[in-house]
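Below: one structure in structure tokens.
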2 protein chains.
Amino acid sequence: MADEGGSNAGDAGAERISEAEHAVMEALWARSPQTAAEVCATVCEERGWSMPTVKTLLSRLVAKRALATQPDGRRFLYTPIIARREYVGHESRRLVERLFGGRAAPLFAHLAENEALTEEDIAEIEHLLKEMRK
Amino acid sequence: MADEGGSNAGDAGAERISEAEHAVMEALWARSPQTAAEVCATVCEERGWSMPTVKTLLSRLVAKRALATQPDGRRFLYTPIIARREYVGHESRRLVERLFGGRAAPLFAHLAENEALTEEDIAEIEHLLKEMRK
DNA sequence: CCATTCAGATTACAAACGTAATCGTAATGC
DNA sequence: GCATTACGATTACGTTTGTAATCTGAATGG
């Protein structure tokens, strides 16, 4: 797989994961390692994909250094290299940056206005705020 | 310009705006209407684009029904059709959906943990919560 | 041993994107 | 009036993404 670059020791960089790829990552974050077939069992149904599609996505994710493979007999086991928290944090920050000039409050205000916040959310957030105040 | 489809009367759907296109939208949300040259004056510097690039993005945005044009002598004035609030709300919800299963609290928790929240943000959010409680 | 099967690898291909050069034409300066 | 400009329109082209078919080689059943 002719990996270019190499020598990415502390490489948390992990080039942009696309939306389809993200679905595959989710499956592996939920449980890992998994074989391609296992991943497909999860996502192919959810998204109406076929096996080859999943294979492609897995390969691309390996190329992007988001997944690691470990041989298991004649097939591979895939495991996430980048943590979900990391990815989620990155994406969240990106959005807040892009849409709200880096300030989180407007995002919150927006979600609040559009009733995208459930009672539960509100309670939870209040709780978090209390925690932070401590 | 052979606009295909047509007949999108109540079309608030506005097909997905890409990131580059978004930059153009921001310029026009900030002030409108503007000519292509004016938009370029703003974004070409910010993003290191050239005039033709801006023209292309403007055209695509018109095709996507995100912008309206009104002739002004020999050139066009561009005005957003979709409101910023709408776009921002849409994108926010998309992210929350994709990354947090539609729940906003975890997003908030994430931002909190990663110190992506300033004191100001927190104060503001507390205020908003108080408002909502009313 | 040989055919079948089952992995991953390679190749494909259209749509969307990012970025831009070029074309055609209307205005404008002499 | 004609050359130059200043627009928008058209065309271009490499990359990424979504989605998949095909190829190749190893394992496995007989």
Side-chain angles (χ1 to χ4, degrees), chain A residues 1-5 13-28 33-41 43-79 91 94 98, chain B residues 1-5 13-28 33-41 43-79 91 94 98:
Chain A
M1 185 119 289
D3 109 326
E4 72 297 328
E15 343 172 10
R16 186 111 188 84
I17 290 170
S18 81
E19 204 171 316
E21 287 160 2
H22 173 226
V24 168
M25 289 304 287
E26 285 295 346
L28 284 160
Q34 284 184 69
T35 65
E38 286 168 333
V39 172
C40 181
V43 298
C44 287
E45 198 170 343
E46 273 173 26
R47 321 255 310 198
W49 287 341
S50 61
M51 194 52 176
T53 299
V54 173
K55 298 268 185 76
T56 299
L57 293 172
L58 284 169
S59 295
R60 287 181 185 169
L61 285 165
V62 169
K64 287 180 182 180
R65 311 192 150 284
L67 292 180
T69 53
Q70 108 202 46
D72 170 50
R74 65 209 223 62
R75 66 231 167 119
F76 278 130
L77 293 178
Y78 296 87
T79 318
E91 290 299 299
R94 237 172 64 95
R98 219 161 61 85
Chain B
M1 179 124 287
D3 112 328
E4 74 297 326
E15 340 173 12
R16 188 110 187 85
I17 290 171
S18 82
E19 206 171 317
E21 288 160 0
H22 173 226
V24 169
M25 290 303 288
E26 285 295 346
L28 284 161
Q34 284 184 70
T35 65
E38 286 168 334
V39 171
C40 182
V43 299
C44 287
E45 199 170 340
E46 275 174 26
R47 322 253 312 196
W49 287 341
S50 61
M51 194 52 176
T53 300
V54 173
K55 297 270 185 74
T56 300
L57 293 173
L58 285 169
S59 294
R60 286 182 185 166
L61 284 166
V62 169
K64 286 180 181 180
R65 313 194 148 280
L67 291 180
T69 53
Q70 106 201 48
D72 170 51
R74 67 209 219 60
R75 64 233 169 114
F76 278 131
L77 294 179
Y78 296 86
T79 317
E91 290 300 298
R94 238 172 63 95
R98 222 161 61 82

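From a predicted model like this one, the values you see are computed outputs, not experimental measurements. Naming convention: chains lettered A, B, ... in sequence-line order (proteins, then strands); numbering from 1 in each chain.
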Gap between atoms CE and P, on B:Met25 and C:dG18 respectively (whole Å): 14 Å
Would you call B:Arg98 and A:Glu26 a salt bridge, taking side-chain N to carboxylate O under 4.0 Å as the test? no
Without decimals, in angstroms, what is the distance between A:Glu19 CD and C:dA16 P? 14 Å
With heavy atoms under 4.0 Å as the rule, sort B:Thr53 into base, sugar-phosphate or nothing. base
Distance-only, no hydrogens or angles: does the B:Gln34 side chain make a donor-acceptor pair with backbone N or O of B:Ala27 under 3.5 Å? yes
Looking at A:Arg65 and A:Glu15, does any basic side-chain N land under 4.0 Å from a carboxylate oxygen? no
Measuring to OP1 and OP2 of D:dG18, would you say a side-chain N or O of A:Lys55 lies under 4.0 angstrom away? no
On DNA chain D, nearest-nucleotide positions of B:Thr35 versus A:Pro52: which is more 5'? B:Thr35
What's the CD-P distance between B:Glu38 and D:dC7, to the nearest Å? 10 Å
What's A:Arg74 touching, base or sugar-phosphate or nothing? Going by heavy atoms closer than 4.0 Å. base
I need the CD-P distance between B:Glu21 and C:dG18, as an integer number of Å. 6 Å
Is it true that B:Arg16 and B:Glu21 have a side-chain N and a carboxylate O under 4.0 angstrom from each other? no
Under 3.5 Å, is there any donor-acceptor pair linking the side chain of B:Ser50 to the base of C:dA20? no
Which is true for A:Thr56 with a 4.0 Å heavy-atom rule: it touches a base, it touches only sugar-phosphate, or it touches nothing? base
Taking atom C1' of D:dT17 as reference, at what distance in whole Å does atom CZ of A:Arg60 sit? 6 Å
B:Gln70 has an atom CD; how far is it from atom C1' of D:dG8, in whole Å? 16 Å
Round to the nearest Å and state the distance from B:Leu61 atom CG to D:dG8 atom P. 14 Å
Decide yes or no, distance alone: a donor-acceptor N/O pair under 3.5 angstrom between the base of D:dT15 and the side-chain of A:Arg16. no
Report the residue from B:Leu57, B:Thr53, B:Val54 that forms a side-chain contact (heavy atoms from CB on, under 4.5 Å) with B:Val43. B:Val54
Contact class for A:Ala36 (heavy atom, under 4.0 Å): base, sugar-phosphate, or nothing? sugar-phosphate
When rounded to whole Å, the CZ to C1' distance for the pair A:Arg75 and D:dA27 reads 12 Å
